[in-house]
Amino acid sequence: MLTLYNTLTRRKEEFVPIEPGRVRMYVCGMTVYDYCHLGHARVLVVFDVIVRHLASLGYQVTYVRNITDVDDKIIARAAEKGESLRELTGRFIEAMHEDADALAVLRPDIEPRATDSMDDIVSMIGKLLDKGYAYDGGNGDIYYSVSKFEHYGQLSGKRIEDLRSGARVEVNEAKQDPLDFVLWKSAKHGEPGWPSPWGEGRPGWHIECSAMSTGCLGAHFDIHGGGMDLKFPHHENEIAQSEGATGQHFVNYWIHNGFVQVDEEKMSKSLGNFFTVREILQRYQAEEIRYFILTSHYRSPLSYSDDNLDKARGALQRLYTALRDSVAVDEAQPVPEYETRFRTAMNDDFNTPEALAVLFDLTRAMNRSRQRGGEDAALLAGTLKTLAGRLGLLQSDPELWLRSRHGAGAEGPSDDEIEALIARRDQAREDRDWAEADRLREQLTGLGIVLEDSAGSTRWRRE
RNA sequence: GGCUGGGUGGCAGAGUGGCUAUGCAGCGGAUUGCAAAUCCGUGGACCUCGGUUCGACUCCGGGCCCAGCCUCCA
């Protein structure tokens, strides 16, 4: 039985899909005006793992992750670069796909773009106007009237009175209430615009997601996810819009992932303390990043540091080393004991650290078995590969992985140069010239190569 | 000020009302020409003050501290 933490109720609940055997899930994706940073990577990986786990439980999952390809920042960036909106967003969508692919993130089933969803957006705003939830600000802008929606604040636990006294809201005389938010912004001169009954303009950020999710999954669906920072106001506003427009209950389960932190602070653009995925890929392998993300529970903070990435590397080395030394039975049915423990961990609100612990217990059992010449080492290796696969890990060839360079920007000797030095050392060892053999090994160590002598052969990997 | 979530061993990070997390690092041993890898063994923790309880790191309350949201943000 799958239980998950529902932000809406603030407790773990049993997951019951609306339609038996099917899951409809929507996640707020990126606003594409720059490269993905580690915070974006976390969302991609976390929900990818959730989708994989749901699929492993036998659910037929429809996963929608949107792309916001029009907003003020995008418009400003495009103007700055002298590019069209479509050119700029096209470039960064491609970059995002490259990063996601590198991180072994499976493509969502549907990836709607805001600019391709204008009909849905305009029609939803129209419904909100008809039903009295929205009003024309008199300047061509359409606003949502927060006080008209009686459940406003249910997701974030905020009350309208508290928000008013909080008073960090911009002053805008077109709004009837400072808490009201924009649904449609009229295009100022030179700004890109789309036609609507209220004139040329563009949608507000919140309405995009309401329209795209409802358009792809219907008025009522199972899971809606995104980063913690979207809980308020973005997701709160989505509920107000969608429920206002359709009159139906919007989403059953809300899932929010925690932040990536740097030095105890949220990694963010405004603080300037962010690292892009491609930047980190210069020094680390994508799988090391993915593993690092999964070492922490998705709702906990994840502290970024080279030290922690190094630890991820060490852990993966242990796993891949074990896999390398056993012949994995690829099509093996997982050993029930480990499969059950793994599934139980994942069923408990997607507890990936616990699931990883199962993988390490399994690895120890496998190494032990192999050392004793046990028959079940191959079966355990197959189990490891299968279970790790559900986390999107350990799918590379172990030998190649262990020998690969650490990141695209890494330097060092070529495989051929390494092999040549090892051949010389093997000769010295055969001649029992230990001094020469050790000298060559030290030379290789200096080049970042670790040797592993075994009966009759020498294996190597990059440290 | 209001609203979330959290404070666990050297580091990272799960979890449980009484019983080994796990990984990295440390220590002892096996193995090895020496290493590496691996295995065996081992030290080390639960912010603070009260309460509930036979028993609390785990439940409840106060305090202190940290992060986040209340403005664009994954």
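Model, not experiment: these values are computed from the prediction. Just so it is clear: chains get the letters A, B, ... in the order the sequence lines come, proteins before strands, and each one is counted from 1.
B:A37 atom C1' lies 9 Å from atom CZ of A:Arg370, rounded to whole Å. Separating the CG atom of A:Leu271 from the P atom of B:C72 is a distance of 16 Å, rounded to the nearest angstrom. Protein atom OH of A:Tyr291 is 12 Å distant from nucleotide atom P of B:A14, rounded to whole Å. Protein atom CG of A:Asp71 is 8 Å distant from nucleotide atom C1' of B:C72, rounded to whole Å. A:Phe360 places its CZ atom 11 Å from the P atom of B:U38, with the value rounded to the nearest Å. Between A:Asp229 atom CG and B:G5 atom P there is a gap of 16 Å when expressed in whole angstrom units. Residue A:Arg313 contributes atom CZ, which lies 14 Å from atom P of B:A25 at whole-angstrom precision. For the pair A:Glu354 CD and B:G15 P, the interatomic distance rounds to 7 Å; values are reported in whole Å.
For A:Ser300, a side-chain nitrogen or oxygen approaches OP1 or OP2 of B:A14 to under 4.0 Å. For A:Thr445, no side-chain nitrogen or oxygen approaches OP1 or OP2 of B:A35 to under 4.0 Å. Look at A:Arg368 and you'll find a side-chain N or O under 4.0 angstrom from OP1 or OP2 of B:C40. Contact between the side-chain N/O atoms of A:Arg364 and the OP1/OP2 oxygens of B:C40 is found at a separation under 4.0 Å. Using a 4.0 Å cut-off, no side-chain N or O of A:Arg432 falls inside it from OP1 or OP2 of B:C34. Residue A:Lys266 places at least one side-chain N or O under 4.0 Å from the OP1 or OP2 atom of B:C69. For A:Tyr5 and B:G5, the shortest distance from a side-chain N or O to OP1 or OP2 is below 4.0 Å. For B:C11, neither phosphate oxygen OP1 nor OP2 lies less than 4.0 angstrom from any side-chain nitrogen or oxygen of A:Asn308. The side chain of A:Thr295 contributes no N or O atom lying less than 4.0 Å from OP1 or OP2 of B:C24. For B:U38, one of the phosphate oxygens OP1 or OP2 lies less than 4.0 angstrom from a side-chain nitrogen or oxygen of A:Arg318.
Nucleotide B:C59 forms a pair with B:G51, judged by Watson-Crick or G-U wobble geometry with both contacts under 3.5 Å. Both distances falling under 3.5 Å, in either a Watson-Crick or a G-U wobble arrangement, occur for no nucleotide opposite B:U32. Across the strands present, B:C24 finds its partner in B:G10; the criterion is a Watson-Crick or G-U wobble pair with both atom distances under 3.5 angstrom.
Taking 3.5 Å as the limit, the base of B:G1 and the side chain of A:Asp162 contain no donor-acceptor pair of atoms between them. Under 3.5 Å, the side chain of A:Arg441 and the base of B:A35 form at least one donor-acceptor pair of N or O atoms. The base of B:C34 sits with one of its N or O atoms less than 3.5 Å from a complementary donor or acceptor on the side chain of A:Asp453.
Residue A:Phe232 places its side chain closer to B:C70 than to any other of B:G33, B:C70, B:A37. The side chain of A:Asp325 sits closest to B:A37 out of B:G5, B:A37, B:C11. Of all nucleotides listed (B:G15, B:A36, B:U22), B:G15 comes nearest to the side chain of A:Asn351. You'll find that the side chain of A:Lys311 is closest to B:C11, out of B:C11, B:A74, B:G33. In this structure, of B:C34, B:C24, B:G68, it is B:G68 that holds the atom nearest to the side chain of A:Phe259. The side chain of A:Glu264 sits closest to B:C66 out of B:G33, B:A74, B:C66. The side chain of A:Lys158 lies closest to B:C69 when the candidates are B:C69, B:C39, B:A14. Comparing atom distances between the A:Asp307 side chain and each of B:G13, B:C11, B:G33 picks out B:C11 as nearest. Closest to the A:Gln261 side chain, of the nucleotides B:G33, B:U38, B:A67, is B:A67.
Heavy atoms of A:Asp361 sit under 4.0 angstrom from primed sugar atoms or phosphate atoms, though from no base atom. Residue contacts shown for A:Thr31 are limited to sugar-phosphate atoms, with no base heavy atom under 4.0 Å away. Using a 4.0 Å heavy-atom cutoff across all strands shown, A:Gly29 reaches sugar-phosphate atoms only and no base atom. Counting any heavy atom pair closer than 4.0 Å across all strands shown, A:Ser270 reaches no nucleic acid atom. If you check every strand for non-hydrogen atoms under 4.0 Å, A:Arg461 touches sugar and phosphate atoms only. A:Asp438 comes within 4.0 angstrom of a base, heavy atoms only. As judged by a 4.0 angstrom heavy-atom cut-off over every strand, A:Arg159 is placed among residues making no nucleic acid contact. At the heavy-atom level, A:Leu230 lies under 4.0 Å from the strands shown only through sugar-phosphate atoms.
Two rings, from A:Phe221 and A:Phe250, have their centers less than 6.0 Å apart. A:Tyr143 and A:Phe181 have their aromatic ring centers separated by at least 6.0 angstrom. A:His235 has its ring centre less than 6.0 Å from the ring centre of A:His256. Between A:Phe15 and A:Tyr253, the distance from one ring center to the other falls under 6.0 angstrom.
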Where do A:Glu399 and A:Arg459 land on the side-chain contact (heavy atoms from CB on, under 4.5 Å) test, with the steps shown first? CA-CA 9 Å; A:Glu399 189 80 61; A:Arg459 292 180 142 164; 4.1 Å; yes
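Put simply, the residue from A:Arg278, A:Lys269, A:Lys81 that forms a salt bridge (Lys or Arg N to Asp or Glu O under 4.0 Å) with A:Asp34 is A:Lys269.
The closest side-chain donor-acceptor pair between A:Tyr291 and A:Gln285, if any, does not fall under 3.5 angstrom.
Contact check for A:Arg77 versus A:Lys73: no side-chain heavy atoms found under the 4.5 Å cut-off.
The two residues A:Met96 and A:Glu111 come nearest to each other via the heavy atoms CE-OE2, 3.6 Å.
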